[in-house]
Structures are given as structure tokens and as C-alpha cells.
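Notes to accompany the following structure.
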Amino acid sequence: MMGNAKKVRKIAAEVVMVILAILFVSPAWIVLTNSFKPLGEILTNTFGMPASLYLGNFQYVLENMNYVRVFFNTVCICVFAIAFTVILSAMCAYRLSRWNNKISNGILLLLMASMIVPFQSIMLPFAKICKSLHLTDSIPGLILVLVPLYCPMAVFIFQGAIKSIPKEIEEAAQMDGCGKVATFFRIIFPLLKPSTSSIVVLFTLQMWNDFTLPLIML
């Protein structure tokens, strides 16, 4: 009886997982199939397979929306913004973790407090300040703005990882002749690969899907 009950629960769980998988995949499937349909067919046969392989939608996007340039701009923004965010945040987290006094705790508290404020509440004054600093209508300006906006979360993640690294490793490196900068980049930073990977994936999704800030800045 116990074996049968386990089998029933397992089958029920698998059925639920299959249903959820279909629900999550179906929007992507609808977008994919409708991309090969003209507008009239999309309106009359939204969920069905395309009657023929229509490529006019792709041609329109490439010719009229400058898609290649837009895609390249987004890639550049994400790559440079995330690279600067990761390096600066890791260095900041390392210093705050090893400093560990009232000043460093106060700085960390301010960084954490900035994460509580929603961007929508500071959007208008933020846009005015960026315009007065001539950062608008510029991809480098957008990258320069993205880095400090994403740094607090990255510092928080990196600090937790750095605290788990024994100080004896740094002391051994310094005894071998490594300075503080070399110790960080050659010893500490390579040990932060799991945290770095999480930050890169998380921030890439956020920056790629962000519409409000690029709209304001560009």
C-alpha cells in the first residue's frame, strides 16, 4: 500500500510539473509561431501553426527598426556596466569586510539603505541631475549611471562571500611578497567566482529587460 501511494504521489507530481512546464513554455511558443505569420493570420489563427513560412516580420524589423544596432548597443551596455560593477563592488566589499569598524559598518548600512528606495520615487530628480551633468543621450553616460545603481546589491553579495574566506590565506600571500592589490586580484577575487557568476546572471537579466532607465537616459 505504501509503495502504491508513493507511485501515485510521484505520478501526480510529474503531471503537475508537465502542466506547469507547458504553461511557462506556451508564451514563447506562441511568439515563435506568430513571428512566421502575417498580421491577418495572427489575428485569425493566434494559437495555430503558420500556414506558410512568412519572413516579412523579420525583414521589417531588420530594415525599419535598426535591430542590429540596437542589439549591439544593449550588449555593450550590459558588458561594460556589469564588468565595472563586479570589479568595483568586489573591491569595496573586500575593504569593508577587512576594515570591520564603525565607519565601515556605517558605509555598509548606507549602501543597504539605498536598496530600499524604489527607483520610481527618485526618477524625476535623477533625470534632471543626469541632464545637468550632460550624461543623457550617451551610452557611456548610461553605463556610468548603471554602475552605482547596481553596486549596493553586488557589495552585499560579495561581502557575505568574503567573510567566509580565512584571513590566513591573505597573510600567507603577503608573506610571499604579494601586496594588498595583488592579494585581492590573485587570491581573493578568484575565490569569488560563485558570487561573481550569480551577480553576472542576475544583473544581465535586469539590465537587458530594463526599459525605464534607458528611456530616460537615451
With clusters defined by side-chain heavy atoms of hydrophobic residues (ILVMFWY) lying less than 4.5 Å apart, directly or transitively, does Leu109 cluster with Ile116?
no
Where is the tightest heavy-atom contact between Thr85 and Ala154, given as atom of each residue plus distance?
CG2-CB, 4.2 Å
Just how far is it from atom CD1 of Ile30 to atom CD1 of Ile42, taken to the nearest 0.5 Å?
11.5 Å
Locate the shortest heavy-atom distance separating Leu192 from Ala90; write the atom from each residue and the value.
CD1-CB, 4.4 Å
Measuring from atom CD1 of Ile199 to atom CZ of Phe158, what distance do you get when rounded to the nearest 0.5 angstrom?
3.5 Å
Side-chain heavy atoms of Leu218 within contact of Leu142, under 4.5 Å:
yes
To the nearest 0.5 Å, atom CD1 of Ile165 lies from atom CZ of Arg98 at 6.5 Å
Under the side chain to side chain contact (heavy atoms under 4.5 Å, CB included) rule, what do Val86 and Ile82 come out as? Steps first, then yes or no, please.
CA-CA 6 Å; Val86 166; Ile82 291 173; 4.1 Å; yes
Determine whether a donor-acceptor pair (N or O, by modelled atom type, separation under 3.5 Å) exists between the side chain of Ser26 and the backbone of Leu23.
yes
Could you walk me through whether Gln59 and Tyr54 satisfy the side chain to side chain contact (heavy atoms under 4.5 Å, CB included) test, starting with their C-alpha distance in whole Å, then the side-chain angles of each, then the deciding distance to 0.1 Å, before giving a yes or no?
CA-CA 10 Å; Gln59 182 180 359; Tyr54 177 72; over 6 Å; no
Heavy-atom closest contact (Leu144 atom, Pro148 atom, distance):
O-CD, 2.9 Å
Look at the side-chain heavy atoms of Ile, Leu, Val, Met, Phe, Trp and Tyr, link any pair under 4.5 Å apart, and say whether Ile122 and Leu146 land in one connected group.
yes
Does a sphere of radius 6.0 Å around OH in Tyr67 hold more than 12 heavy atoms from other residues, nucleotides or ligands, not counting ones at 6.0 Å or beyond?
no
Let me see the working for Ser198 and Ile157 under side chain to side chain contact (heavy atoms under 4.5 Å, CB included), right down to the final yes or no.
CA-CA 9 Å; Ser198 300; Ile157 296 172; 5.5 Å; no
Is there side-chain contact between Phe126 and Leu213, with at least one heavy-atom pair below 4.5 Å?
yes
Donor-acceptor contact below 3.5 Å, side chain Asn57 vs main chain Ser35:
yes
To the nearest 0.5 Å, what is the distance between CD1 on Ile139 and CG on Asn73?
3.5 Å
Linking I/L/V/M/F/W/Y whenever any side-chain heavy atoms sit under 4.5 Å apart, do Val145 and Ile129 land together?
yes
Taking the side chain as every heavy atom from C-beta outward, state whether Glu170 and Tyr94 have any pair of such atoms under 4.5 Å apart.
yes
So how far is it from Met217 CE to Thr212 OG1, rounded to the nearest 0.5 Å?
13.5 Å
For Lys37 versus Gly48, what's the shortest heavy-atom pair and its separation?
NZ-O, 2.5 Å
Quick one: are Val70 and Met65 in side-chain contact, heavy atoms under 4.5 Å?
no
Is there a path from Val68 to Tyr60 through hydrophobic residues (I, L, V, M, F, W, Y) whose side chains come within less than 4.5 Å of each other?
yes
Closer than 3.5 angstrom, by distance alone: can the side chain of Glu41 be matched with the main-chain N or O of Ala51 as a donor-acceptor pair?
yes
Quick check: closest heavy atoms across Ala81 and Val147, and the distance to 0.1 Å?
O-CG2, 3.8 Å
Are more than 12 heavy atoms, taken from residues, nucleotides or ligands other than Phe58, located less than 6.0 Å from that residue's CZ atom?
yes
Just so I know, are the side chains of Leu88 and Cys92 near enough to count as touching, which here means a heavy-atom distance under 4.5 Å?
no
Under 3.5 Å, side chain of Thr204 to main-chain N/O of Val201, donor-acceptor pair present?
no
Check: Trp208 ring centre within less than 6.0 Å of Phe71 ring centre:
yes
Ser138 side chain vs Leu135 backbone, donor-acceptor pair below 3.5 Å
no
Which distance, rounded to the nearest 0.5 Å, do you find between the CD of Gln159 and the CG of Leu108?
4.5 Å
Would the number of heavy atoms belonging to other residues, nucleotides or ligands and lying under 6.0 Å from CE of Met207 be above 12?
yes
Look at the side-chain heavy atoms of Ile, Leu, Val, Met, Phe, Trp and Tyr, link any pair under 4.5 Å apart, and say whether Ile187 and Val181 land in one connected group.
yes
Apply the test side chain to side chain contact (heavy atoms under 4.5 Å, CB included) to residues Phe184 and Arg95: give CA-CA distance (whole Å), side-chain angles for both, the deciding distance (0.1 Å), then the verdict.
CA-CA 10 Å; Phe184 172 76; Arg95 186 59 179 150; over 6 Å; no
